[in-house]
2 protein chains.
Amino acid sequence: MENRKTATMKDVAALADVSIATVSRFLNGNLDRMSSTTAAKIKDAIEKLNYVPNSAARQMITKASKMVAVVVANIDDYFSTELFKGVSSILEANNYTGVLFDTDSNPERERQLIQLVNDHTYDGLILQPLTESAATIEADMKRDIPIVVVDRELIHSPWTQVVTNNYEVAKSTTSHFMAAGYTHVVVLTSKISMASTREERYAGIKAAASHVDVLEVSEESYNHTQVHQKLVKLITETTEKTLVFALKERWLLEFIPSLIVQGYIDHDQATATAFSDTSTARNIEPRLQLISQDPYLMGASAAEVLVDQLVSHRRPTQDKIIIPATLR
Amino acid sequence: MENRKTATMKDVAALADVSIATVSRFLNGNLDRMSSTTAAKIKDAIEKLNYVPNSAARQMITKASKMVAVVVANIDDYFSTELFKGVSSILEANNYTGVLFDTDSNPERERQLIQLVNDHTYDGLILQPLTESAATIEADMKRDIPIVVVDRELIHSPWTQVVTNNYEVAKSTTSHFMAAGYTHVVVLTSKISMASTREERYAGIKAAASHVDVLEVSEESYNHTQVHQKLVKLITETTEKTLVFALKERWLLEFIPSLIVQGYIDHDQATATAFSDTSTARNIEPRLQLISQDPYLMGASAAEVLVDQLVSHRRPTQDKIIIPATLR
DNA sequence: CTGTTAGCGCTTTCAG
DNA sequence: CTGAAAGCGCTAACAG
């Protein structure tokens, strides 16, 4: 039990007085091809020796690990973690395990992780990419395993993509508020050009709104009160009714509550909406109408596509799956 | 490039016209033991063949994967993800990679994951356990790899534990509010007996407060308005000043904002505090005094201990590391 | 029902 | 400076 060298199949075979082939069969569940006496002896030996199969050796032969890498942009985002839960649910039902990696919104890290996944025996990859270029990823993923892209769109993607209807829902939401008289839209967002998701949302808003202002906030460093003041200014310096449209839940949570408390967001002269994946904001102010994505479903869908490729060994059948977000 | 069988070291050796031993040396950075001509030839061949080393084969020999499993209780918690980031920062500086697994607060899943980690060639494990019993874990982890426990305490732990000073900070916080006249404490929490962390926090509160009520909320299913009403009742039915003490950030975020809006939490007759890891609550109401843990530091500390064991091959030197939380 | 044997792709002595 | 060869622990024919 102490520091004994870890037992191998050979040790088990010796103790059970059978051949290693029989042990292997036992391990792989071919119990029908063996007397119950033998099976019992092997079972005993395994327990006695505290034997645990060496997965590396097995992988080397079977060329499969039953593990799928899930690489997300930021595990601090509820979106990413919920996505992973959706992925895991499907994977596990199919006897695979998902392992989660975090690029931390860092393109350099994304490269490293893709190389890591490439180097290790993962059977598949589900990726929420930072890059917009499929070519870059292909260059690093030399091994030929199934890949599914989620959330962000890639240029010339050879892989199936699972995305939200960002453009459409941003547009229809904006129209909805326009109809209610909010003709002035203030877009509150991280640097738009950093993610395809944001670009599409922004495009959707512009397609519907007549008067759009943009307030870009740096994810890492920003001055809270300064942004706050700019928001107040944008809301008050016009006679139009203003809709503050946060492209990301975080910005809603950071700035809208104080604007509400201070009376700027009064749901009359000004209101707010956002892409929001949790129920936190709604708990704070139930009157907010927000756009909800379904990251869990997106993950599950992505995993389904991946598993299909894994078991069928065929190329993706669909190139884009859209999981709609809804205003509610 | 298409469906060509993945190249092996043998192929590289053949193309470069050297032995596989030389290729192996090249791969492992022993460039000093080879002429630069040879190195160049090999480099060429590798690129031409799109060769990527088979990590399973390597692991089989070296018995190391340079990967550490991090098993957390719930990746939706900011605490868990921030912990992972702390872990990763240290791991990566030491040339290891952290991979994240989620038990989803499900003891059954925890067992499965521990077995999974046991079966695969992870070099170490950082665990935020659900179980309180070290024995259970030891039974499943037959392979003898270094383990570090974080956040929750284990009974009779053979491994180093990295924890917060839950008891002390809960007690001192309660005292702090007692001194300000809040003699009635309402503890808002998930089922206390489910986690050692909560038990300690609760004990700390009881040690300092004279009049304590407990409101246990089920993580999965609970009636928002019903809990809300109970809170209101508890606050108003006494003449004492009340402190609502949320043992977890989530409950603060779920219930306190509406209590503030409705004027129940007025920072006079009633106030609130909580263990809180993000800045969301403070953005909502800057006057709240909250207890902040440092999950990132906890993760980093745990990883440091682990790496130390990994490289030194010796048993843990400390049995408990306390990362204090602070009220601010 | 069970054993023998040939590798999987790589690292690592040990010789040159 | 480079190569030959012996495994690492396991699976999968192929025999019996």
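Values below: all heavy atoms of this structure, side chains included; hydrogens, waters and symmetry mates excluded. Everything numeric here is computed off the predicted structure, so don't read it as measured data. Per chain, numbering begins at 1; letters A, B, ... match sequence-line order.
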- Query: Between atom CZ in A/Phe26 and atom C1' in D/dA12, what is the gap in whole Å?
  - Reply: 19 Å
- Query: Which one, D/dC10, C/dG3, C/dG9, comes nearest to the side chain of A/Arg25?
  - Reply: C/dG3
- Note on the structure: Winner on side-chain proximity to A/Met60, out of C/dT11, D/dG9, D/dT11, is D/dG9
- Assign A/Tyr51 to base, sugar-phosphate, or nothing according to its heavy-atom contacts below 4.0 angstrom with the strands shown. sugar-phosphate
- May I have the step-by-step check of side-chain hydrogen bond (donor to acceptor under 3.5 Å, both in side chains) for B/Glu110 and B/Thr131, ending in yes or no? CA-CA 8 Å; B/Glu110 173 170 69; B/Thr131 328; 2.5 Å; yes
- Query: A/Ile61 has a side chain; which of C/dG3, C/dT12, D/dT11 sits nearest to it?
  - Reply: D/dT11
- Message: I want to verify a distance call: between D/dC10, C/dT2, C/dG3, whose nearest atom is closest to the A/Ala21 side chain?
- Response: C/dG3
- Message: I want to verify a distance call: between D/dC10, C/dT2, C/dT12, whose nearest atom is closest to the B/Ser24 side chain?
- Response: C/dT12
- Protein-nucleotide distance (A/Lys10, atom NZ; C/dT4, atom P), rounded to Å: 13 Å
- Task: Would you mind reading off the distance between A/Asp11 atom CG and D/dC8 atom P, rounded to a whole angstrom?
- Result: 11 Å
- Among D/dC10, C/dC10, D/dC8, which is the nearest nucleotide to the side chain of A/Ile20? D/dC10
- Note on the structure: Of the listed D/dA4, D/dA12, C/dT2, the closest approach to the B/Ser19 side chain comes from D/dA4
- Item | A/Met9 CE - D/dC8 C1' separation (whole Å) | 13 Å
- Message: Run the side-chain hydrogen bond (donor to acceptor under 3.5 Å, both in side chains) test on B/Asp123 and B/Ser65 for me, step by step, so that the C-alpha distance in whole Å, both residues' side-chain angles and the decisive distance to 0.1 Å come before the verdict.
- Response: CA-CA 6 Å; B/Asp123 294 350; B/Ser65 64; 3.3 Å; yes
- Message: Please classify the nucleic acid contact of A/Val18 as base, sugar-phosphate, or nothing, using heavy-atom distances under 4.0 Å.
- Response: sugar-phosphate
- To the side chain of A/Asn28, which of D/dG3, C/dC10, D/dT11 is closest? D/dT11
